[in-house]
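Contents: one structure, followed by commentary.
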There are 2 protein chains.
Amino acid sequence: MSKKSKSIRRSDCPIACALDIIGDKWTLLVVRDLALGKRQFESFLESPEKIATNVLTDRLQRLESLGFVSKGVDPGDRRKSVYQLTEQGLQLRTLVRYVARWGLKHIPRTALLEGARE
Amino acid sequence: MSKKSKSIRRSDCPIACALDIIGDKWTLLVVRDLALGKRQFESFLESPEKIATNVLTDRLQRLESLGFVSKGVDPGDRRKSVYQLTEQGLQLRTLVRYVARWGLKHIPRTALLEGARE
DNA sequence: CTGTATCCAGCCGGATACTG
DNA sequence: CAGTATCCGGCTGGATACAG
């Protein structure tokens, strides 16, 4: 998984280009979890959507290669990694927040996850 | 294409539910075009991303079934249909605008399409 | 013509095996 | 145990045939 990826952009439209990055069902959920403060691989797996490990690996690597996520060593357990949003990645929170706001307003029976700020 | 769709929601998170609707590479581009005032099937095909006809049919039907788009008869040519955002669908414009704003700021060499307002 | 359906290669992602 | 790779069924969507 995670091939050399599509570097062939469909157009110069910022929406089209943005969708080539975040236009799937999992990426923004990973960003959501990062924004909620999750740092360890295992933590992401606990979210209710039950992301598969290979998909999580793929999205984290993709986000890292794009500069939105940084990967470091867990100071508490050198075997583990910690992931977090970079300065660049923090900008994605606003977008995620907007998607959440829209979903809350227009999709029945939705509720923010425990711990969601604001 | 366009099967009975996934009614099985992954969670009650508004972000996850929103992504089940708009989490793909084409839906928001169709919304973008609708927001830009495109009304006819053919017009959407002219956008630089060159959406395939079956994908366009699928997205328009999905958006219609969700209540975001209404389909009517073209008064100028009874053989044609006109599509437009419903009151509900107009709310999506804000989201699209936010995605555009984010893309413009964080993705190199992006530029709004001709005709994009604001 | 406008719009939908079909075909099918290629990609996505769930399950699970594997590496260190 | 943390994280990655593989396997492979099912879906996505480009090309194109088809219907009205």
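Each chain gets a letter, A, B and so on, in the order its sequence line appears, and its residues count up from 1. Please read these numbers as outputs of a predicted model, since none were measured by experiment.
- Screening residues 46-67 of chain A for ring pair (Phe, Tyr, Trp, His ring centres under 6.0 Å) gives no qualifying pairs among residues at least two apart or on separate chains.
- Straight-line distance from the CG atom of B:Asp58 to the P atom of D:dG14: 12 Å, rounded to whole Å.
- The ring pair (Phe, Tyr, Trp, His ring centres under 6.0 Å) pairs that include a residue from residues 29-66 of chain A number zero, where partners must be two or more places apart or lie in different chains.
- Straight-line distance from the CH2 atom of A:Trp26 to the C1' atom of C:dC12: 12 Å, rounded to whole Å.
- The environment of A:Lys50 atom NZ is dense: over 12 non-hydrogen atoms of other residues, nucleotides or ligands sit within 6.0 angstrom.
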Practice prompt. Evaluate the salt bridge (Lys or Arg N to Asp or Glu O under 4.0 Å) criterion for residues B:Asp20 and B:Arg9: first the C-alpha distance (whole Å), next the side-chain angles of each, then the deciding distance (0.1 Å), finally the verdict.
Written response: CA-CA 8 Å; B:Asp20 284 338; B:Arg9 47 163 68 181; over 6 Å; no

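- Checking C:dG13, C:dG3, D:dG14 against the side-chain heavy atoms of A:Arg59 singles out C:dG13 as nearest.
- Applying the ring-ring contact (aromatic ring centres under 6.0 Å, His included) rule to A:Tyr98 yields the partners B:Tyr98; only residues at least two apart in sequence or on another chain are considered.
- With rounding to whole Å, B:Glu49 atom CD is found 15 Å from D:dG13 atom C1'.
- Applying a 4.0 Å cut-off to non-hydrogen atoms, the residues of residues 65-81 of chain B that approach DNA chain C are B:Lys71, B:Lys80, B:Ser81, listed by residue number.
- Phosphate contact (OP1/OP2 of D:dG3, side-chain N/O of A:Gln61, threshold under 4.0 Å): absent.
- Atom C1' of nucleotide C:dT4 and atom CD1 of B:Ile51 are separated by 14 Å, given to the nearest angstrom.
- Distance from the side chain of B:Glu42 is smallest for C:dT2 among the nucleotides C:dG14, C:dG3, C:dT2.
- Between the CZ atom of A:Arg39 and the C1' atom of D:dG3 there is a distance of 18 Å, rounded to whole Å.
- Here the P atom of nucleotide C:dG13 and the NZ atom of A:Lys25 are 9 Å apart, to the nearest Å.
- Of the residues near DNA chain C, A:Thr53 and A:Asp24, the one whose nearest nucleotide (by heavy atom distance) lies more toward the 5' end is A:Asp24.
- Identified under the ring pair (Phe, Tyr, Trp, His ring centres under 6.0 Å) test for residues 9-30 of chain A, with sequence neighbours left out: none.
- A search for ring-ring contact (aromatic ring centres under 6.0 Å, His included) contacts involving B:Phe68 returns A:Trp102, not counting sequence neighbours.
- One atom, CZ of A:Arg62, and another, C1' of C:dG13, lie 12 Å apart when rounded to the nearest Å.
- For B:Asn54 against D:dG14, a side-chain-to-base donor-acceptor contact under 3.5 Å is present.
- If you measure from atom NZ of B:Lys50 to atom P of D:dG14, you get 12 Å, rounded to the nearest angstrom.
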